[in-house]
2 protein chains.
Amino acid sequence: MERTFDTRPGEARPSRSQRNHEERVQHILRHAARVFREKGYEGASIRDISRASGVALSSLYYYCRNKQELLYRIEMFTFSRILERLEERLAGVEDPAEQLRVLVRNHLDYFLEHPDEMKVLAHEEDSLTGRERKEVDEIKRRYYKRAIGIYEALGTKNRVRQLQPRIAVLSLFGMMNWIYTWHRPQVDPGAEELARTISSIFLDGVLEGRDAAATARGRERLARRASQAGSALRASP
Amino acid sequence: MERTFDTRPGEARPSRSQRNHEERVQHILRHAARVFREKGYEGASIRDISRASGVALSSLYYYCRNKQELLYRIEMFTFSRILERLEERLAGVEDPAEQLRVLVRNHLDYFLEHPDEMKVLAHEEDSLTGRERKEVDEIKRRYYKRAIGIYEALGTKNRVRQLQPRIAVLSLFGMMNWIYTWHRPQVDPGAEELARTISSIFLDGVLEGRDAAATARGRERLARRASQAGSALRASP
DNA sequence: CGATTTATGGAACGAACGTTCGATACACGA
DNA sequence: TCGTGTATCGAACGTTCGTTCCATAAATCG
C-alpha cells in the first residue's frame with residue numbers, strides 16, 4: 001500500500017491537499033474566534049460558527065472533533081505565537097527594565113492585532129476541561145514564569161519595593177488583559193502608547209520624584225483609617 | 001375595592017410577608033451568583049440555580065421575571081453597595097492620594113468578601129441586553145467617573161506623569177478586577193496587603209527613587225527597538 | 001480509466017434549554 | 001367558616017443545542 005515512498009505518508013512535505021486542509025482550519029478558527037468573542041464560548045453555537053464561516057454545520061466536524069477543540073486550538077495557537085514573538089524580541093536585550101517593556105509591548109501588539117483571539121484568551125480561561133484545559137494551563141504558566149523571571153532580575157539590578165513578585169506580575173497582567181473590556185480602536189491609543197503608559201505605571205508609578213516619597217508617609221495613616229472605617233460600617237444601622 | 005386605606009396597598013410598611021419575600025429573593029440571588037460564577041451566565045441553567053438554592057424551577061419565576069433579571073439584580077445590588085460604602089469611607093478624606101488608596105481598599109474589601117458577585121460583575125459585562133444593560137452601564141459609569149475625579153485631583157496637588165487619565169484609571173481597574181482570575185484565599189494575601197501593593201504600584205511604581213529616573217532614559221531606546229523588531233519580524237520567513 | 005480517498009452538506013437524533021400552565025397547600029382578615 | 005391572595009411545585013411546551021449519519025460530489029492515483 002504505502003511502500004512506494006520512504007517518507008511516511010502525510011507527515012513531511014505538506015501536499016497541496018494538506019496545505020488546503022490547514023488553510024481551511026485556519027479559516028474556520030478565525031471565524032470561530034470572532035463568534036466566541038461576540039457571544040462567549042457557551043453563548044455561541046456551532047450553528048453560529050457555521051453561518052459566520054460559510055462552512056456547513058456537519059463539515060465543521062470534519063475538521064474538528066467537537067466544539068471544545070475549536071476553543072482549544074484558538075487558545076493554543078495564540079499562546080504559542082505570543083511566546084514565540086516574545087523570545088524573538090527579547091534576544092539581545094539585557095536590561096531587565098527594558099526586557100519588561102519589551103514584554104508589555106509584545107503583549108499589547110498582539111492584543112490589538114488579534115483582538116478576537118485575545119479576548120477569548122482572557123475571557124474563556126475556565127471554559128476548557130480535561131486534557132485540553134491542562135495543556136493550555138501549562139503554556140500559560142510558561143508565559144507567567146517568564147514574566148516572573150524578568151521581574152526578579154529587575155530586583156537584582158535596581159532598588160525595588162518589597163512586593164511579592166507574584167502579586168506584582170499578576171497586577172501587570174491585569175492592566176494588560178483588562179484592556180479588552182474597554183479599548184475602542186478608533187478612540188483609544190495604539191499599542192505603542194498603551195505599552196508606554198502601562199510600563200511606566202508599573203515601573204515608575206503615577207507620581208514623580210519626591211512626591212512619590214511624600215505620599216509614602218501617608219500609608220500607615222491609611223491602614224489605621226481603613227480598619228476604623230470597617231468597624232464604623234459594621235456599627236452603623 | 002381598595003378604598004378602605006388611604007395608603008396605596010403594598011408600598012409602605014414592609015409587612016411580615018413582604019420581609020419574607022425580600023429574604024427569599026436574596027436567598028435566591030446569593031445562590032444564583034455562585035452558580036453564575038462557577039459556570040458563567042450562559043453556561044448556567046435555571047435548573048442549576050433551582051438545584052443550588054433548593055427552590056423549585058417554576059418557583060424561581062414567581063420571584064424573577066426571567067433569567068436575565070437574576071443577573072441584573074445581582075449586578076445592580078453589588079454596584080450600589082460598593083458605591084455606597086465608598087462614599088462612606090471617603091467622607092473626611094482630603095488628600096487625593098489617600099482618597100485613591102481608600103478607593104482601592106474599598107474595592108478589594110468588597111471583592112474578597114463577595115467573590116461570587118464580584119466575579120460576575122467583572123466577567124459578565126456583556127451578558128445583559130436592553131434596558132437592564134443600560135442601567136448597569138450607567139451605575140458602572142458613575143463609579144468610573146468617581147475614580148477619574150480622584151485621579152485628576154491627584155494631578156493638581158502633585159507632580160504627575162503626563163498620562164491620559166482614562167488609560168491610567170482603567171489600568172488601575174485592570175489590576176483590581178483581574179484578581180478574580182488568580183486569587184486563592186488560602187494562599188494569597190488579604191484585602192489589606194493587596195490594596196497596599198496595588199496602590200503603591202499605581203502611585204509610586206515598582207522601582208524606587210533615582211532608579212526610576214534612571215530607567216526613564218531607556219524609553220526612547222525602547223521606542224526605536226520596538227519598531228525595529230516589528231519590521232524585522234515582518235521580514236523574517 | 002476505474003478505484004479510492006478527501007471533502008461536503010441535508011436531515012435527523014436525543015438531550016437540555018428557558019419558560020408557562022394549572023393544581024394545590026397554606027395563611028389570614030371578614 | 002369561608003374566600004381570597006400568597007407561595008409552591010410537577011409536568012409539559014416549543015425551541016435550540018451539540019453531535020451523528022449517510023449520501024454524494026470532487027480530487028487523487030495506480
Side-chain angles (χ1 to χ4, degrees), chain A residues 1-5 7-11 13-28 31-32 35-36 39-73 127-130 132, chain B residues 1-5 7-11 13-28 31-32 35-36 39-73 127-130 132:
Chain A
M1 260 198 214
E2 38 193 311
R3 12 187 163 80
T4 30
F5 295 101
T7 60
R8 257 163 292 142
E11 285 264 322
R13 299 163 308 123
S15 67
R16 179 154 8 121
S17 74
Q18 273 178 325
R19 228 184 307 122
N20 285 344
H21 189 96
E22 193 51 35
E23 274 172 23
R24 203 94 168 101
V25 168
Q26 291 300 326
H27 170 87
I28 291 171
H31 288 89
V35 174
F36 285 152
K39 319 187 106 184
Y41 175 72
E42 295 286 352
S45 73
I46 301 278
R47 284 168 178 84
D48 290 329
I49 296 168
S50 164
R51 210 172 305 122
S53 63
V55 177
L57 180 58
S58 47
S59 294
L60 292 175
Y61 284 86
Y62 179 75
Y63 293 98
C64 277
R65 200 180 305 103
N66 49 33
K67 187 184 179 186
Q68 179 165 229
E69 187 164 314
L70 286 171
L71 180 58
Y72 166 76
R73 288 213 204 178
S127 300
L128 291 176
T129 63
E132 283 93 342
Chain B
M1 258 200 214
E2 38 191 314
R3 9 184 164 84
T4 31
F5 295 101
T7 60
R8 257 164 291 143
E11 283 265 321
R13 300 161 307 123
S15 66
R16 179 153 9 121
S17 73
Q18 273 180 325
R19 229 183 306 124
N20 285 344
H21 189 94
E22 192 51 35
E23 276 172 22
R24 202 94 168 101
V25 168
Q26 290 301 325
H27 170 86
I28 291 171
H31 287 90
V35 174
F36 285 152
K39 320 185 105 182
Y41 174 72
E42 295 285 353
S45 74
I46 301 280
R47 284 167 177 83
D48 290 329
I49 296 169
S50 164
R51 210 173 304 122
S53 64
V55 178
L57 180 59
S58 48
S59 294
L60 292 175
Y61 285 86
Y62 180 75
Y63 294 98
C64 278
R65 200 182 304 104
N66 49 33
K67 188 184 179 185
Q68 179 166 225
E69 186 164 314
L70 286 172
L71 180 58
Y72 166 74
R73 289 212 203 178
S127 300
L128 291 177
T129 62
E132 283 93 342

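Order of the sequence lines fixes the chain letters, A, B, ..., with proteins taken first and strands second; residue numbering starts at 1 for each chain.
Atom CD1 of B:Ile49 and atom C1' of C:dA16 are 15 Å apart (whole Å). For the pair A:Tyr41 OH and D:dC17 P, the interatomic distance rounds to 14 Å; values are reported in whole Å. Atom CD1 in B:Ile46 sits about 13 Å away from atom C1' in C:dT20, given to the nearest Å. Taking atom NZ on B:Lys39 and atom P on C:dG18, their separation rounds to 10 Å, with Å as the unit. D:dA7 atom P lies 11 Å from atom CD1 of B:Ile28, rounded to whole Å. Summarising the geometry, the separation between NE2 on B:His21 and P on C:dA27 is reported as 18 Å, rounded to the nearest angstrom. If you take CG of A:Asp48 and P of D:dC17, they are 6 Å apart, rounded to a whole angstrom. One interatomic measurement links the two molecules: CD of A:Glu42 to C1' of D:dG18, which rounds to 11 Å at whole-angstrom precision.
Neither OP1 nor OP2 of C:dA16 sits under 4.0 Å from any side-chain N or O of B:Ser45. Listed pair A:Arg24 / C:dT8 meets the phosphate criterion, a side-chain N or O lying under 4.0 Å from OP1 or OP2.
There is no side-chain donor-acceptor pair under 3.5 Å between A:Ser127 and A:Glu42.
Within the structure, every pair that satisfies the salt bridge (Lys or Arg N to Asp or Glu O under 4.0 Å) test and touches residues 59-68 of chain A, not counting sequence neighbours, is listed here: A:Arg65-A:Glu69. Residue pairs meeting the ring pair (Phe, Tyr, Trp, His ring centres under 6.0 Å) criterion with at least one partner in residues 39-65 of chain A, sequence neighbours excluded, are A:His21-A:Tyr63, A:Phe36-A:Tyr41.
Within 4.0 Å of B:Arg47, counting heavy atoms only, lies at least one base atom of the nucleic acid.
Listed here is the closest heavy atom pair of A:Cys64 and A:Leu70: SG-CD2, 3.5 Å. Closest approach of A:Ala52 to A:Val35, counting heavy atoms only: CB-CG2, 3.7 Å.
Counting only heavy atoms from C-beta outward, the side chains of B:Leu71 and B:Gln68 never approach each other to under 4.5 Å. Taking the side chain as every heavy atom from C-beta outward, A:Arg24 and A:His27 approach each other to under 4.5 Å.
B:Ser53 pairs by the side chain to side chain donor-acceptor pair (under 3.5 Å) definition with nothing, not counting sequence neighbours. Applying the side chain to side chain contact (heavy atoms under 4.5 Å, CB included) rule to A:Ser58 yields no partners; only residues at least two apart in sequence or on another chain are considered.
Of all the residues in residues 51-67 of chain B, B:Ala56, B:Ser58, B:Ser59, B:Tyr62, B:Tyr63 reach under 4.0 Å from DNA chain D with at least one non-hydrogen atom.
With the end axes of the helix from C:dC1-D:dG30 to C:dA27-D:dT4 each set by five pairs, the angle from one to the other reads 10° at 10° resolution.
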